[in-house]
Number of protein chains: 2
Amino acid sequence: MDRFVAKLRSRQALTETDENLLREAGWINRRYARHEVIVRAGQRLDHAHLLLSGFTARAQEDTAGNRQIVGIGVAGDMLDVHGVILGKLEQDIIALSPCEVATITHSKFKELTRLSAEIQKTFWMQAAIEHSIMAAWIQALGSKRGTSKIAHLFCEMQLRLALVGIATQMGFPMPLSQQEMADYAGMTHVHLNRCLKELREADLVTFASGWAKVLDFDGLKRLARFDEAYLNLRLIED
Amino acid sequence: MDRFVAKLRSRQALTETDENLLREAGWINRRYARHEVIVRAGQRLDHAHLLLSGFTARAQEDTAGNRQIVGIGVAGDMLDVHGVILGKLEQDIIALSPCEVATITHSKFKELTRLSAEIQKTFWMQAAIEHSIMAAWIQALGSKRGTSKIAHLFCEMQLRLALVGIATQMGFPMPLSQQEMADYAGMTHVHLNRCLKELREADLVTFASGWAKVLDFDGLKRLARFDEAYLNLRLIED
DNA sequence: GGCGCGACTTTACAAATGTTAAGAACAGCT
DNA sequence: AGCTGTTCTTAACATTTGTAAAGTCGCGCC
């Protein structure tokens, strides 16, 4: 919970009253094991989910049953802001690692947004940033070839995880299998493996047994043609 | 304006009071020519934009200057809901055809959401559906090869344009050049042309001089492995 | 310590897509 | 109607990515 509040604070000033409102909102914590489904697509939703620790995937199946990961959630992310409006999600939310999740009822969620305009803004800012991340990923999928795409992914993870204090000098956890990473990058696991090898041999990144470390962030950014502005890492004035 | 209200009504019941609030909110209309920039990325925003007629692209450049289209707006779409929160957009919004746009100040926009919970919900529902569309497009870019991707695009356009009464028995306008379509689909215009040829020769779609017609919607859906649930075309209960 | 299973890696080959270039069709203008 | 620039179409060839298969590695379990 504190990590979440800290993350919010990094983008937007919150009053002490608001922070307390958030903390005391009656969150209920749950744990999920790797591969467990946290929210099922189409299922009627009456709770919102906040990821406290771990990694999640937002996965979507087409009519032939192929799974595509369309987004990755990290600690501090609200997993289903849009579910509050639509009453359901179009995608499954799946635990990629053991996860701690804090849930809150939609009615309590809506009450919070009614009580404080700042809190409401905070939630929708999460949605706006998720939108930016998806737009950047569409750009990556559409205009970058294999290795650059994966470089983009590492750049983004480095920054998103640093924001919540998870990425450090030692690198960061990245508990996706190569198959899962390939499902996100829209390539086969064979080709993903080729791309990882390239990054490794260029001394840009190490990635093994669920742990990643960026060795040369500038080089990685150059390869990915990466511009971090879309992550809105600084305070957002208004 | 009426088209917009009609579109909202198709997804959510609005009271007459709410409809009037919307209509009388002090919209200012503007016209843009093809290729004009409606909103520039990074620019400080104090108005929200509603597209009354025409087509827009949401385009993003990487650090090497390559343009990628990350979304397409059609009549009845709010173009920059997230701009109200962030005060700017991460992408340019560009007119793909002559466009009529209704603008409203952010402060008036926020006032509307304060006055009516239904109107607020309506705006955020737009954002939620845009999110679904982007997720579906990430899936298409990641897991469908050339021809299926383009088939997906035609399926989606057919349904989105039918919702606002633009797609009819006669087909629908689709004023993207092949280059622009390729920029959205993440392929070269040469390859896009190959894919269009395939769709044409399979008697699924005709597409020429800015006009498209779906000849065999079921066949197209099958090829694209398309499931329209994500567009939330029916009323959304709560 | 050996077994079994899943994840990672590599290879050879096939298919999809990009690159470059050129000609055809078309639209706007005079 | 003729000129001019853009968009569309096609071709030949290069590169990237997928497919199938097999070998390696690591790790939990007996």
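Lettering follows sequence order; numbering is per chain, from 1.
Formation of a donor-acceptor pair under 3.5 Å by the A:W124 side chain with backbone atoms of B:V84 is not found in this model. Between the side chain of B:T103 and the backbone N or O of B:A48 there is no donor-acceptor pair closer than 3.5 Å.
Side chain to side chain, B:Q139 and B:Y230 fail the donor-acceptor criterion of an N or O pair below 3.5 Å. For the 3.5 Å distance criterion, the side chains of A:Q60 and A:Q68 fail to qualify, holding no donor opposite an acceptor.
In this structure, the CE atom of A:M187 is 16 Å from the C1' atom of C:dT9, given to the nearest Å. Distance, A:I150 CD1 to D:dT16 P: 15 Å, rounded to whole Å. Regarding B:L192, its CG atom lies at a distance of 9 Å from the P atom of D:dC8, rounded to whole Å. Atom pair B:L141:CG and D:dT17:P shows a separation of 14 Å (rounding to whole Å applied).
Contacts of B:G186 with the nucleic acid, taken as non-hydrogen atoms under 4.0 Å apart, involve only primed sugar atoms and P, OP1 or OP2.
Salt-bridge formation is not detected for the pair A:E90/A:R40: no Lys NZ or Arg NE/NH1/NH2 atom is positioned less than 4.0 Å from an Asp or Glu carboxylate oxygen. Using a cut-off of 4.0 Å between Lys/Arg side-chain N and Asp/Glu carboxylate O, A:E130 and A:R58 are scored as salt-bridged. Between B:K144 and A:D62, no side-chain nitrogen of the basic residue sits less than 4.0 Å from a carboxylate oxygen of the acidic one, so the salt-bridge criterion is not met.
Here A:W137 and A:H152 bring their ring centres to under 6.0 angstrom of each other.
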Under 3.5 Å, which N/O atoms of the protein pair with N/O atoms of nucleotides 11-16 of chain C?
unit_1 : atom_1 : unit_2 : atom_2 : d
C:dA16 : O3'    : B:R145 : NH1    : 3.1

Protein-nucleic acid N or O pairs under 3.5 Å, nucleotides 3-8 of chain C:
unit_1 : atom_1 : unit_2 : atom_2 : d
C:dC8  : OP2    : A:Q178 : N      : 3.0

